[in-house]
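Just so we're clear, the structure is a prediction, and the values are computed from it rather than from any experiment. Values reported hereafter were calculated over all heavy atoms of this structure, with side chains retained and with hydrogens, waters and symmetry mates removed.
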Amino acid sequence: MALCLKQVFNKDKTFRPRKKFEPGTQRFELYKKAQASLKSGLDLKAVVQLPPGESINDWIAVHVVDFFNRINLIYGTMSEFCTERSCPIMSGGLKYEYRWQDDSKYKKPTKLSAPQYMCMLMDWIEMLINNEDVFPTRIGVPFPKQFQQVCTKILTRLFRVFVHVYIHHFDSIISMGAEAHVNTCYKHFYYFIREFSLIDHRELEPLVSM
C-alpha cells in the first residue's frame, strides 16, 4: 500500500513534511517490519498485532507517525477540493461537527472551517511527534505516563479526517482513482485502533456503515 499511495497521490502536496525514522534505531526497525508485513499481503488484522517481544509503546509510536504521514499525504493531495467555501464547517455530514480546542490559542471548543481545522490539526500533531518529552527517540529514555492518552487524542482527531474526506469528498477520491488506496489505509487504521482500543467507539459512529 505504501508504494501505491505514492503512485496515486502527489507526494509533493503533503500537507506537512513527512516525519522520518532515524536509521539504526529500534523505531526504524519496527517501521521496516510493519512495512514489510503490509507489502507481504497479510491480513490487515494480523499486520497490526504487536510482534512478539516488542514494546507496545514503540509499536504505537511507529503507527501514529506512519498514519500521520499517510493521512497527511491523502489530505494534502485533495486539499484543493476542501476550501473555505465548500467546507465552512469541519464536519462529517449534517449530524457531526468537530470543533477545535488546544492549550494555546483555542482554549474552548471553537467552530472552524475544515481547511482551518486540518491546518491546526497537522501543526498540533507535528509539534507532538517532534517533542522528545512525548515521543522520545533516545535509547533508554522512557515514554511519559500519559503517552497512550496522547496517542488516543491524536488518532481520534486523525479519524475525523477520514470522516470528512469520506462523507464530503469521496467523489474527488473516485475521480482520482484512489478509492481502493484510501479504503486500504482506512482499514489499516481501523484495525489498529480496534486492536489496542485506542479510540472510543462513539467516535467511530460516523463511518459505522463501512
Side-chain angles (χ1 to χ4, degrees), residues 1-21 31 34-35 37-39 41 44 47-48 60-87 89-93 96 98 100 112-130 151-194 198-199 203-210:
M1 182 183 65
L3 293 176
C4 293
L5 275 172
K6 289 181 182 178
Q7 290 164 358
V8 173
F9 295 108
N10 185 345
K11 67 180 186 300
D12 296 322
K13 286 189 177 181
T14 52
F15 212 49
R16 292 291 179 275
R18 287 173 61 83
K19 170 72 174 178
K20 296 181 180 179
F21 300 102
Y31 173 71
Q35 293 303 296
S37 296
L38 268 179
K39 293 174 185 177
L44 287 172
V47 165
V48 300
I60 290 174
V62 163
H63 282 80
V64 167
V65 172
D66 192 38
F67 287 133
F68 168 69
N69 285 337
R70 291 172 187 277
I71 294 168
N72 176 26
L73 178 59
I74 290 170
Y75 183 75
T77 297
M78 57 174 303
S79 58
E80 63 188 280
F81 305 110
C82 184
T83 65
E84 299 285 333
R85 185 173 180 179
S86 68
C87 306
I89 298 172
M90 175 56 183
S91 61
Y96 301 95
Y98 302 118
W100 182 258
L112 297 177
S113 68
Q116 287 176 308
Y117 186 100
M118 299 296 185
C119 190
M120 297 300 298
L121 173 60
M122 299 305 177
D123 280 348
W124 175 76
I125 296 176
E126 189 175 33
M127 175 194 70
L128 286 173
I129 63 179
N130 287 322
C151 290
T152 286
K153 197 165 185 178
I154 291 173
L155 293 168
T156 297
R157 289 179 168 182
L158 281 175
F159 180 79
R160 295 171 182 175
V161 180
F162 279 119
V163 173
H164 183 76
V165 166
Y166 269 118
I167 293 177
H168 296 279
H169 301 292
F170 197 63
D171 55 343
S172 299
I173 293 173
I174 292 173
S175 70
M176 289 189 289
E179 64 269 26
H181 308 294
V182 175
N183 288 343
T184 301
C185 187
Y186 173 70
K187 288 177 187 175
H188 185 201
F189 182 95
Y190 177 81
Y191 287 136
F192 184 79
I193 55 125
R194 292 305 299 269
L198 290 168
I199 295 183
E203 285 284 342
L204 306 178
E205 288 178 2
L207 297 182
V208 70
S209 62
M210 297 190 62

Side-chain touch Tyr98/Pro206, heavy atoms, less than 4.5 angstrom: yes
With sequence neighbours excluded, what pairs up with Tyr190 under the ring pair (Phe, Tyr, Trp, His ring centres under 6.0 Å) test? none
Leu207 side chain near Phe159 side chain, heavy-atom distance below 4.5 Å: yes
Taking the side chain as everything from C-beta on, heavy atoms only, tell me whether Phe67 gets closer than 4.5 Å to His188. yes
Angle class for the Trp100/Trp124 ring planes (parallel below 30°, perpendicular above 60°, tilted otherwise)? perpendicular
Can we call the ring centroids of His169 and Phe81 under 6.0 Å apart? no
Who passes side-chain hydrogen bond (donor to acceptor under 3.5 Å, both in side chains) against Thr83, sequence neighbours left out? Ser86
Under a 3.5 Å distance rule, please check whether Asn130 uses its side chain to pair with a backbone N or O of Glu126 as donor and acceptor. yes
Is any side-chain heavy atom of Val47 less than 4.5 Å from a side-chain heavy atom of Tyr191? no
Taking all atoms of both residues into account, what is the closest heavy-atom pair of Cys151 and Val64, and its distance? SG-CG2, 3.8 Å
How many angstroms lie between OG1 in Thr184 and NZ in Lys187, if you round to the nearest 0.5 Å? 6.0 Å
Return yes if some donor-acceptor pair links the side-chain N/O of Gln116 with the main-chain N/O of Ser113 below 3.5 Å, else return no. yes
Under a 3.5 Å distance rule, please check whether His168 uses its side chain to pair with a backbone N or O of Gly93 as donor and acceptor. yes
Nearest 0.5 angstrom please: Ile89 CD1 to Tyr117 OH, how far? 13.5 Å
Partners meeting side chain to side chain contact (heavy atoms under 4.5 Å, CB included) with Phe170 (sequence neighbours left out): Tyr166, Ile173, Ile174, Glu179, Asn183
One should read off an interatomic distance between Met118 CE and Leu112 CG, to the nearest 0.5 angstrom, of 11.5 Å
Output for pair (Phe68 CZ, Leu121 CG), nearest 0.5 Å, gives 8.0 Å
Over all atoms of both residues, closest heavy-atom pair of Ile74 and Cys185: CD1-SG, 4.0 Å
Closest non-hydrogen contact found for Leu198 with Phe192 is CD1-CE2, 3.6 Å
Using a 4.5 Å cut-off on heavy atoms from C-beta on, say whether the side chain of Val163 contacts that of Tyr96. no
Value for CD1 (Ile71) from CG (Asp66), rounded to nearest 0.5 Å, stands at 9.5 Å
Taking the side chain as every heavy atom from C-beta outward, state whether Pro115 and Met90 have any atom pair closer than 4.5 Å. no
What are the two closest non-hydrogen atoms of Ile199 and Leu204, and how far apart are they? CG2-CD2, 4.1 Å
How many angstroms lie between atom CD1 of Ile125 and atom CG of Leu158, to the nearest 0.5 angstrom? 3.5 Å
Using only atom types and a distance under 3.5 Å, with no angle test, would you say the side chain of His164 pairs donor to acceptor with the backbone of Ser91? yes
